[in-house]
Amino acid sequence: MLAELPMLQSDGHHAPLPGPIEAYFEVANRCNSKCATCPLTFDPQERAHNLGYDELVALVAQLPDLKRAVMHGIGEPLLNRDLPRMIRHLKERGVYVLFNSNAALLTDARQRALIDCGLDELRVSLDGSTPETYLRVRGIAAFEQVVDNVAAMVRLKHDLGATTPRISFWVTGMRENLPELPGVIELAAGIGVDEVYLQRMVFSDIGLAVADQSIYRGYREQAERIIAEAEALAERLEVTFRGSGALSPRESIVDRTDDPEPWRGCSRPRRLAYITANGNALPCCIAPFTGVPYGDIVLGNYIRDGVEATWHGERYQQFRDRLYSSDPSDACRNCGIGWSL
């Protein structure tokens with residue numbers, strides 16, 4: 001498993017690293033799902049585009065310190081046919097590579113290509129353990145297909161003697177689906193998926209991603225009971241159960257302390273480059289979900305202006321300075337105080 005990337009502390013100057021050590025490459029910005037928590041479902045902000053292989057190679061050449069690449073953003077990565085080729089290029093550079101997928105397009109040919117190119121980690125979004133809840137949250141009737149695809153890839157890895165990619169299920173926790181968390185763990189154990197993650201949701205004013213779905217506010221007792229059941233089940237079935245961001249699910253919700261300015265603890269804009277399919281620089285993967293006008297979170301364009309000019313540009317630095325103040329951008333404020341977990 002990849003060692004944790006350094007989490008920077010505020011030094012009073014808010015300077016970024018000389019160059020990003022982690023990058024999100026939004027390889028496709030359209031999706032075959034219609035998720036009820038995703039801004040792409042309700043209000044796409046960029047022209048439809050797949051990041052090209054040559055564009056990725058040119059960007060990677062400007063990222064000499066890159067250690068970790070996440071091949072997703074607002075969209076389904078498997079819609080980009082060049083994805084295995086891109087992953088292979090990054091692996092040749094010694095970069096750890098992963099992406100999230102709904103796995104509805106995870107055909108046998110794609111399974112083999114992803115194993116062959118050296119992908120380190122495949123994270124499958126599975127926001128329920130029944131077809132009914134999956135349809136309500138993900139917007140498409142693909143539950144059985146997704147489970148069958150993932151089970152087939154687990155078998156294929158075994159048949160080929162492959163150790164990668166690590167395959168895990170990811171659940172975005174909200175009131176709509178949290179009761180099915182134990183069912184996801186049972187499902188994972190049944191098909192040989194070793195890891196299940198419960199991740200936080202940022203709520204805004206779209207679809208199910210609204211305050212009424214919040215777990216952290218007004219649902220903590222029920223959530224604690226469900227998480228405890230899931231933890232006990234995972235231990236019995238020998239499934240690793242974690243929260244995102246190096247926290248346990250319980251730490252995320254039960255042991256969380258209230259912080260009036262939680263955004264100050266974020267180091268992403270100082271170490272991480274988020275590159276949209278059209279090259280736009282965003283502060284992180286969460287910003288598009290926080291309900292702010294899209295133009296307010298665009299900090300430059302990596303393809304047009306280059307990594308150096310964008311990463312050290314005046315707009316990006318102003319954004320960083322505000323992050324470590326009592327007056328952050330609305331995206332950071334909404335992220336810090338709007339976590340569902």
Side-chain angles (χ1 to χ4, degrees), residues 1-26 59-60 62-74 95-100 120-121 123 170 197 199-202 242-248 251-252 255-276 280-290 292 296-300 302 307-341:
M1 185 181 299
L2 181 73
E4 288 294 323
L5 295 170
M7 296 297 291
L8 304 182
Q9 300 297 317
S10 177
D11 56 9
H13 301 290
H14 323 128
L17 292 173
I21 57 175
E22 182 176 7
Y24 278 61
F25 297 101
E26 188 180 76
L59 288 165
V60 172
Q62 300 172 67
L63 296 165
D65 301 320
L66 189 64
K67 301 288 190 297
R68 184 175 188 260
V70 180
M71 310 300 285
H72 67 247
I74 307 296
V95 177
Y96 187 94
V97 186
L98 64 97
F99 67 89
N100 281 42
D120 292 290
E121 195 175 338
R123 300 175 172 183
W170 286 67
Y197 289 80
Q199 65 182 348
R200 300 157 169 170
M201 179 187 72
V202 174
R242 297 191 178 104
S244 59
L247 294 175
S248 73
E251 286 171 327
S252 294
D255 300 328
R256 173 175 164 172
T257 57
D258 289 321
D259 182 345
E261 297 185 350
W263 51 83
R264 287 180 180 268
C266 179
S267 68
R268 291 185 180 193
R270 300 175 67 196
R271 61 179 173 84
L272 178 154
Y274 184 108
I275 306 168
T276 74
N280 281 331
L282 305 186
C284 67
C285 62
I286 298 165
F289 291 83
T290 56
V292 301
D296 291 354
I297 60 172
V298 175
L299 305 176
Y302 288 109
V307 171
E308 175 74 16
T310 303
W311 182 249
H312 294 286
E314 182 178 356
R315 185 164 188 187
Y316 218 139
Q317 189 54 42
Q318 288 175 348
F319 182 94
R320 295 182 183 107
D321 289 340
R322 288 189 64 188
L323 175 62
Y324 300 107
S325 76
S326 296
D327 182 34
S329 75
D330 287 341
C332 297
R333 185 183 299 276
N334 292 351
C335 167
I337 65 176
W339 285 122
S340 183
L341 280 181

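In what follows, residues are counted from 1 in the order of the sequence shown.
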So, Glu26 side chain and Ile74 main chain: donor-acceptor pair closer than 3.5 Å or not? yes

Using modelled atom types and a 3.5 Å cut-off, is there a donor and acceptor pairing between side-chain atoms of Asp120 and backbone atoms of Val97? yes

Distance-minimising heavy-atom pair for Cys266 and Leu323: O-CD2, 3.6 Å

Between Pro288 and Leu282, the two heavy atoms sitting closest are CG-CD1, 3.8 Å

Nearest atoms (heavy-atom pairs only) where Arg242 meets Tyr197: NH1-OH, 2.9 Å

Please report the interatomic distance CG(Leu17) to CG(Leu272), rounded to the nearest 0.5 Å. 10.5 Å

With Arg320 as the cation and Trp311 as the aromatic partner, state whether NZ or CZ is under 6.0 Å from the six-membered ring centre and within 45° of the axis. yes

Is the NZ or CZ atom of Arg315 positioned over Phe319's six-membered ring, under 6.0 angstrom from the centre and within 45° of the axis? no

With side chain to side chain contact (heavy atoms under 4.5 Å, CB included) as the criterion, how do Glu22 and Arg271 come out once you've worked through the C-alpha distance, each side chain's angles and the decisive distance to 0.1 Å? CA-CA 7 Å; Glu22 182 176 7; Arg271 61 179 173 84; 2.8 Å; yes

For the pair Cys285 and His72, evaluate side chain to side chain contact (heavy atoms under 4.5 Å, CB included) and give the outcome as yes or no after the intermediate values. CA-CA 9 Å; Cys285 62; His72 67 247; 5.8 Å; no

Looking at Arg270 and Ala15, would you say the former's side chain and the latter's main chain have a donor-acceptor pair under 3.5 Å? yes

Does Tyr324 offer a backbone N or O that forms a donor-acceptor pair with the side chain of Arg264 under 3.5 Å? yes

Qualifying residue, where the test is side chain to side chain contact (heavy atoms under 4.5 Å, CB included) with Phe25 and the options are Val60, Thr276, Val70: Val60

At what distance, to the nearest 0.5 angstrom, does CD1 of Ile275 lie from CG of Leu59? 5.0 Å

Taking all non-hydrogen atoms of both residues, which atom of Ile297 and which atom of Val292 are closest, and how far apart? CG2-CG2, 3.5 Å

Side chain of Tyr316, backbone of Pro283: donor and acceptor closer than 3.5 Å? no

If you look at every heavy atom in Leu63 and Val307, which pair is closest and at what distance? CD2-CG1, 3.9 Å

Check the angle between the aromatic planes of Tyr24 and Tyr274 and answer parallel, tilted or perpendicular using the 30° and 60° thresholds. parallel

Are any side-chain N or O atoms of His312 and backbone N or O atoms of Pro18, one a donor and one an acceptor, separated by less than 3.5 Å? yes

Main-chain N/O of Pro328 paired to Arg322 side chain as donor or acceptor, under 3.5 Å: yes

Assess the residue pair Glu261 and Ser325 against the criterion (side chain to side chain contact (heavy atoms under 4.5 Å, CB included)); give the C-alpha distance rounded to whole Å, side-chain angles, the decisive distance to 0.1 Å, and a yes or no. CA-CA 9 Å; Glu261 297 185 350; Ser325 76; over 6 Å; no

At what distance, to the nearest 0.5 angstrom, does CG of Leu299 lie from CD of Gln318? 10.0 Å

Could you check Leu98 against Arg68 for side chain to side chain contact (heavy atoms under 4.5 Å, CB included), going step by step and ending with a plain yes or no? CA-CA 8 Å; Leu98 64 97; Arg68 184 175 188 260; 3.3 Å; yes

